[in-house]
2 protein chains.
Amino acid sequence: MREHRGMESIDTELAARIRQDIIMGVFEEGERLSEARLCDIYEVSRTPIRLALRLLERERIIRRGEGRGYIIYSPTVDDILQAVQVRGHLESLAARLMAQSETRAQSLPHMARAIENINAVLDAGNLGDAARREAQAANKIFHSTILTACGNDYVSFTCEQISHLPMLAAGSMVFDRSTSETQDHMERALFRLRLGNAQHQVIFEAIEKGDAVRAEGMMREHSHTMVDYIRTFERKDDSLTVADLIAYSGAEPVTFSG
Amino acid sequence: MREHRGMESIDTELAARIRQDIIMGVFEEGERLSEARLCDIYEVSRTPIRLALRLLERERIIRRGEGRGYIIYSPTVDDILQAVQVRGHLESLAARLMAQSETRAQSLPHMARAIENINAVLDAGNLGDAARREAQAANKIFHSTILTACGNDYVSFTCEQISHLPMLAAGSMVFDRSTSETQDHMERALFRLRLGNAQHQVIFEAIEKGDAVRAEGMMREHSHTMVDYIRTFERKDDSLTVADLIAYSGAEPVTFSG
DNA sequence: CAGCTTGATTTGGGATCCCAAAGTGATATT
DNA sequence: AATATCACTTTGGGATCCCAAATCAAGCTG
C-alpha cells in the first residue's frame, strides 16, 4: 500500500463537505436527506451526490431509511463505545509497531511537542475555549503521529474511517455543552487531561527506547481510560464532554458556533 | 449500530460481483479497468459501475491510475502482511470481548464443530483439494463466529473490509500453486494446520470459561503465527500457500479452476 | 531523424432524462 | 363517517448525453 492521500477520488471531497456539515449539525438528527435537496445545497447534480452518499453510508454516518432516502444516523452511546474501543485497540498496535520501527526517531519530536503543549494548557490551569482547542489539537497530533509513524497504512486508514461516527456524536452533543459547563465539569476535565498526558509521557518514553511491550500496554491503558469514561454515560444521565471525544476521535479542531 | 446486513446498498451487490471476478483472476494483474468495458461485461450502465468502483477503491482492491481509469492493485507481500496484522489484532480484541460476553454460550457450538471438522481433516492425514476446502471452510467459521459473537459490530465490519486485499493476493497466487505442490509443502501445511487447530482449541476453552485475558493472548499468538509465516515470504522466494491465506482471510470457500 | 505540435479518439466527471416504486391525498362507496 | 381505491406526486436507480481533459497518433519542422 503505497501513497494514497492526495490523489483520492474527487468526490471524496464532496463527501467530506457533507460529512463536515452533518457533524456540524447543519441537518437535524435523524433527518431525511433527499438527493434533490442536497443538489440544491451543494450545487452539483445528483450523480456526485449519490457517490458521496454511498461513501458516507459505509462510514455509518448516514443510514438507509425504511423506504427511500437516507437518514442521518443517531448514534447511541454504545455505538460510540464500540467505535472508540476498536480505534483504541488499533492504536495500541500502532504504538507497538512504532516502538519497533527503525525510523521512529524522526517522529518523536512531534509527540514531544504535543505533550509539552498539553502541559502548557495544564499549567495555565483554566480550560477556556482557546485552551481546550489547543489541547485538542495537541492530542490529535500525538495520536495521529503514532498512527502514521507505525508504518502500517491500514491502521491509520481504518482508524480514520472509524473516527467519523464519534465525530458525529460529538457534533450532536456540542449544543448541550453550555448546560453542563460547570466548575465541577471543568475540574474533572482537567483531571482527565492531566491523567491522559501522563500516559502520553509514558508512551512516548517507551516508544523512544524501543520498548514495544510497554508502549502497547500503556496505549492500551490510555484507551481503556477513554472507554471507561464513555461507559459512565450509559448509566448516568450526564452529557459527554465534547472536547475529549473530538480530540480522541482525531478530527481536525473545528470551531463551534455554540 | 443496529442491524445493517440485508438492507445494504443495491450496488454493493455489483461491487461484490466485480470484486469476486477480480479476485478470481478474470482481469489481468495491474490491468486498466475502463468504465465502458465494465458496462459491457456486467450489462449495466456507467452509473452503477462508477458507484461500485468507488467502493472497491476504498477496499484497496483497485487504485486510481496516473491519468484516468482504475487499475487492479498488485499487492506486495508487505501489503498482505499489514492487512493480516491488523485483522489479527482486531481478532484478539474480538476474542476478549466474546469471552466477556454473556451470550457467548450460544455461539460456542459452531466453534466446537469447526475444530472437530479440522481435526477430521487432520486425522485423514492427506490434504487434497476437498480436504483443503473443508479445512478452509471450518477455519472461516471458527474465526467469523468469534467476530460476530463479540458484540462489537465495528470489529466484524472492519475485519471483513480488510480481508479483501489478502483475498486478492490469494487469488493472484493460486495459479502458482501447482508449481509448489510438493510433498514437502503438504507436510508443512499439515503441520501448520495442526498447530493452528491446537490454538483454536485453547482459544475455545478460554472463551468458554470466560477467561478474557487468555482468550485474547492466545488469539494474538494465533495471529502472530500467521504473520510470521507470511513474513518468511519476504525473504525466501517461496510461493505462498493459498489455502491458509484464504482461510485466514475469512472469505467464502471458492472453487478454483486451476 | 528527433522532437514538437496539433488533431482525433478515448475516457471519466457531471447533468439530464426516463421509469418504476413508494408515498400522499382525495374521492367514492358502504 | 370510515375505509378502500385510485390518481398524483415525490424520489431514487439506471441510462444517456455533454463536455473537458488526457492519451495517442500522425504530421510538421528544425
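Proteins get letters first, then strands, A, B, ... in listed order; numbering begins at 1 in each.
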In residues 39-48 of chain B, which ones come under 4.0 Å of DNA chain C, going by heavy atoms?
R46(B)
Under-3.5 Å donor-acceptor pair between R50(A) side chain and dG14(D) base
yes
Distance test, side-chain N/O of R54(A) to OP1/OP2 of dG13(D), below 4.0 Å
yes
Looking at F142(B), I'd like to know if the NZ or CZ of R113(B) sits under 6.0 Å from its six-membered ring centre while staying within 45 degrees of the ring's axis.
no
Please enumerate all residues that pass side chain to side chain donor-acceptor pair (under 3.5 Å) together with R50(A), with sequence neighbours excluded.
none
Give a yes or no on whether a donor-acceptor pair under 3.5 Å exists between the nucleobase atoms of dG12(D), that is its base, and the side chain of R64(A).
no
Could you tell me which residues satisfy side chain to side chain contact (heavy atoms under 4.5 Å, CB included) with V44(B), sequence neighbours excluded, listed by chain and number?
L14(B), Y42(B), P48(B), I49(B)
Terminal axes of the helix from dC1(C)-dG30(D) to dT30(C)-dA1(D) (five pairs each): angle between them, nearest 10 degrees
10°
Give a yes or no on whether a salt bridge exists between E91(B) and R87(B), defined as a side-chain N under 4.0 angstrom from a carboxylate O.
yes
For E134(B), give me all partners under side chain to side chain donor-acceptor pair (under 3.5 Å), at least two apart in sequence or on another chain.
none
Output all residues satisfying salt bridge (Lys or Arg N to Asp or Glu O under 4.0 Å) with R37(A), sequence neighbours left out; order by chain, then residue number.
E31(A)
What's L33(A) touching, base or sugar-phosphate or nothing? Going by heavy atoms closer than 4.0 Å.
sugar-phosphate
Residues which pass side chain to side chain donor-acceptor pair (under 3.5 Å) with R19(B), listed by chain and number, not counting sequence neighbours
E59(B)
Nucleotide N/O of nucleotides 22-25 of chain D paired with protein N/O under 3.5 Å:
none

Tell me, please, which residues at least two apart from S101(B) pass side chain to side chain donor-acceptor pair (under 3.5 Å).
T103(B)
